[in-house]
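Accompanying notes for the structure given below.
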Amino acid sequence: MSRSHVTSDAPETDVNENTYIIRPNYMDKFKPQLVSHVIHEILEDHLKDKAYDMDQAPTWCKTITEVIKEKVKELEMNRYKLAVNVIIGEQRGQGIKVGCRCFWDSDTDNYAQDIYMNDSLFCHATVFGVFYY
């Protein structure tokens, strides 16, 4: 009886091991234009036939947030931590200002946003992509 055993000189690496990558290459950077397009499509799909409902708005926010997060993950921007914020409010002709303050690396981190409005509601969605060192 003979046994065959193959050895490799390359060490096995664990997927979770630190790679000591401190900057993403150009192709792996967060792409705000692409993410904005994804956000826009999701907001259109989920809100186009809806009228504002105070009781349903929190559920819509949660659902839209999860869908956006999953679709952006499918873009495979590896090593990016995502934070998604969705605000839905009643449209009554008022203005809204949304602000945020973040401490991040402007070379690697970025964000994308989109706004959806119809006759009865508005929705503002933001995705923050922060590179994980």
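Remember, predicted model here, so these are calculated numbers, not experimental data.
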_Let me check something: do Phe122 and Val98 share a hydrophobic cluster, defined by ILVMFWY side-chain heavy atoms less than 4.5 Å apart, either directly or through other members?_
yes
Between Lys50 (side chain only) and Trp60 (backbone N and O only), is there a donor and an acceptor less than 3.5 Å apart?
no
* Kindly work out whether a path of hydrophobic side-chain contacts (I/L/V/M/F/W/Y, heavy atoms less than 4.5 Å apart) joins Phe30 to Ile22. => yes
message = Please check: side-chain N/O of Glu76 versus main-chain N/O of Val72, any donor-acceptor pairing under 3.5 Å?
response = no
- Message: Please tell me whether Val67 and Met77 are part of a single hydrophobic cluster in this structure, the criterion being side-chain heavy atoms less than 4.5 Å apart.
- Response: yes
Interatomic distance, OG1@Thr65 vs CG@Leu82, rounded to 0.5 Å, equals 12.0 Å
Margin query: Just so I know, are the side chains of Asn118 and Lys48 near enough to count as touching, which here means a heavy-atom distance under 4.5 Å?
Written below: no
(request) Check the pair His37, Gln33 against side chain to side chain donor-acceptor pair (under 3.5 Å), reporting the backbone distance first and the verdict last. (result) CA-CA 6 Å; His37 181 70; Gln33 297 84 3; over 6 Å; no
Taken to the nearest 0.5 Å, the spacing of Leu75 CG from Asp28 CG works out to 12.0 Å
Aromatic plane relationship, Tyr80 with Phe131 - under 30° parallel, 30 to 60° tilted, over 60° perpendicular: perpendicular
Got Glu90 and Met54 here, is their nearest side-chain heavy-atom distance under 4.5 Å? no
Discussion item. If hydrophobic clusters are built by linking Ile, Leu, Val, Met, Phe, Trp and Tyr wherever their side-chain heavy atoms come under 4.5 Å apart, do Leu34 and Val127 end up in the same one?
Written reply: yes
For Ala125 and Val86 the tightest heavy-atom approach is CB-CG2, 4.1 Å
So OG1 of Thr63 and CD1 of Ile42: to nearest 0.5 Å the spacing works out to 12.0 Å
For residues Leu43 and Val84: do they belong to one hydrophobic cluster (side chain heavy atoms under 4.5 Å, members Ile, Leu, Val, Met, Phe, Trp, Tyr)? yes
### Query
Phe128 versus Asn110: any side-chain heavy-atom pair under 4.5 Å?
no
Quiz prompt | Ion pair Arg23/Asp105, N-O distance below 4.0 Å | solution = yes
*asked:* Under a 3.5 Å distance rule, please check whether His40 uses its side chain to pair with a backbone N or O of Ser36 as donor and acceptor.
replied: no
Between the NZ atom in Lys73 and the CG atom in Asn78, the distance rounded to the nearest 0.5 Å is 12.0 Å
So CD of Glu41 and CG of Asp114: to nearest 0.5 Å the spacing works out to 10.5 Å
query: Under 4.5 Å between any side-chain heavy atoms of Pro32 and Tyr111, yes or no?
result: no
d(Lys69 NZ, Ile64 CD1) to nearest 0.5 Å is 15.0 Å
In Lys71, Glu74, Lys31, the residue satisfying side chain to side chain contact (heavy atoms under 4.5 Å, CB included) with Val38 is Lys71
Between Val130 and Trp104 the two heavy atoms that sit nearest each other are CG2-CE3, 4.3 Å
Heavy-atom nearest pair, Ala112 first then Ile39, reads O-CD1, 3.8 Å
Minimum side-chain heavy-atom gap Pro24-Thr108 below 4.5 Å
yes
* Would one find more than 12 heavy atoms of other residues, nucleotides or ligands at under 6.0 Å from atom CG of Asp119? -> no
